[in-house]
Novice: 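Following this message is one structure expressed as structure tokens.
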Protein chains: 2
Amino acid sequence: MVGNGAGLRSGQVAEMTGVSPDTIRHYERIGILPHPPRSCGGYRLYSADVIERVHLVRRALQLGFTLAELSEILRVRDKGGIPCRRVLHLAEEKLRSLEHQIAELRQTQTYMKSLVRQWRSKLALTDPSSKALLLHSLIDDGSSLPNTKKKLRRRK
Amino acid sequence: MVGNGAGLRSGQVAEMTGVSPDTIRHYERIGILPHPPRSCGGYRLYSADVIERVHLVRRALQLGFTLAELSEILRVRDKGGIPCRRVLHLAEEKLRSLEHQIAELRQTQTYMKSLVRQWRSKLALTDPSSKALLLHSLIDDGSSLPNTKKKLRRRK
DNA sequence: CTTGACTCTGGAATCGATTCCAGGGTGCAT
DNA sequence: ATGCACCCTGGAATCGATTCCAGAGTCAAG
Ligand SMILES: [Zn+2]
Ligand SMILES: [Zn+2]
Ligand SMILES: [Zn+2]
Ligand SMILES: [Zn+2]
């Protein structure tokens, strides 16, 4: 058993939030979780509300927020500031890039679908010992694939 | 002017394919481009067909193929092998994960849209000096966001 | 010849979130 | 007092594709 009166240790927070203890410590390092008080032995003793903060962070990450952005936002908030407009602005940006990304993926999906269909039938008709040149059919067929340069990434 | 009779130098290939010379050299390092003959001064001298190979690689990357996969496939092909079935298999996998990824993104998009709408109106009604607690509304609203663990990444 | 544009090498850096590591404490229960 | 599970530290590694770097060499034009 564990003396719960004092607070939650990192491992417990990790367990309760579905995150590794390493990640909890990492979040503290980069200023997303506050430095909690320590037990006499040096263990972190978190108060229960850190659970909600971790949940919030995970949510925001899924939405495309960055740890750096969250760190900045939460720091403002913790100092009594009002990051709401910033949050909304960021969310609008995330939404736009999300829509852009989806459009690109759907374009790729369409292309890929037709390619797979074409390859399947070509392969069915081809002597298994001869080259079907599948990959070759992606050369210069001129059709539409997104030429993305930007990184649009979400989640780990 | 440049003596074109002998072959293409890395920079020319780069220019013609929209890729940096560094990338060209990189592709050679990992076995995606063959080691080309060299000029007396040590410059790579590519034959024109390397252009098509680079185009092919870029195409395949956009589709979600990996440099490692392409390296393997192309090595087989260059040795006279027939990687077509492998290519098709990989393509089918890419397509599946593409569809999965799109589904997730659309879920996130739906959630994000409603969130932004909700935040906009809440912020419009809120005294600009008071906290709208936008981020807080992502805590425990129980609704649907994809819990992705896997990495589904495409392109640089 | 000198300048300037290009090329060579291979190893390191970049992006972001997470994980891993080794060497060393803590704390509770047999 | 011995074991065992947990926790501490901070720096490095991971994923993949690309880029960057310094120090050196090539080559054509002026
Ligand atoms: Zn919660
Ligand atoms: Zn083939
Ligand atoms: Zn081409
Ligand atoms: Zn707020």
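Sequence lines set the chain letters: A, B, ... in the order given, protein chains first and strands last, and positions in each chain run from 1.
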Novice: How would you list, by chain and number, every residue that makes a salt bridge (Lys or Arg N to Asp or Glu O under 4.0 Å) with E92(B), sequence neighbours excluded?
Specialist: R120(A)
Novice: List the residues meeting salt bridge (Lys or Arg N to Asp or Glu O under 4.0 Å) with R38(B), not counting sequence neighbours, and say none if there are none.
Specialist: none
Novice: Restricting to side chain to side chain contact (heavy atoms under 4.5 Å, CB included), what partner residues turn up for E93(B), sequence neighbours left out?
Specialist: H89(B), L90(B), R96(B)
Novice: Mind checking what makes side chain to side chain contact (heavy atoms under 4.5 Å, CB included) contact with S47(A), not counting sequence neighbours?
Specialist: D49(A)
Novice: Check salt bridge (Lys or Arg N to Asp or Glu O under 4.0 Å) between R86(A) and all other residues, then give those that pass, not counting sequence neighbours.
Specialist: E72(A)
Novice: If I take atom CZ in residue R44(B) and atom P in nucleotide dC27(D), what distance separates them, rounded to the nearest angstrom?
Specialist: 14 Å
Novice: Could you check whether R25(A) gets within reach of a base, just the sugar-phosphate, or nothing at all, counting any heavy atom under 4.0 Å?
Specialist: base
Novice: Is there a residue in residues 66-74 of chain B whose heavy atoms reach under 4.0 Å of DNA chain C, and which residues are they?
Specialist: none
Novice: Calculate the interatomic distance between H35(B) atom NE2 and dT9(C) atom C1'; express it in whole Å.
Specialist: 14 Å
Novice: Can you list the residues that meet the salt bridge (Lys or Arg N to Asp or Glu O under 4.0 Å) rule with R25(A), with sequence neighbours excluded?
Specialist: D22(A)
Novice: Mind checking R29(A) for me? I need base, sugar-phosphate or nothing, with any heavy atom below 4.0 Å counting as a touch.
Specialist: base
Novice: Within the pair S39(A) and dT26(C), is there a side-chain N or O less than 4.0 Å away from OP1 or OP2?
Specialist: no
Novice: Just to verify, what does Y27(B) make a side chain to side chain contact (heavy atoms under 4.5 Å, CB included) with, not counting sequence neighbours?
Specialist: T23(B), I32(B), L33(B), V57(B), R58(B), L61(B), L67(B)
Novice: Can you pull every protein N or O that's under 3.5 Å from an N or O on nucleotides 4-6 of chain D?
Specialist:
unit_1	atom_1	unit_2	atom_2	d
dC6(D)	O2	Y43(A)	OH	3.4

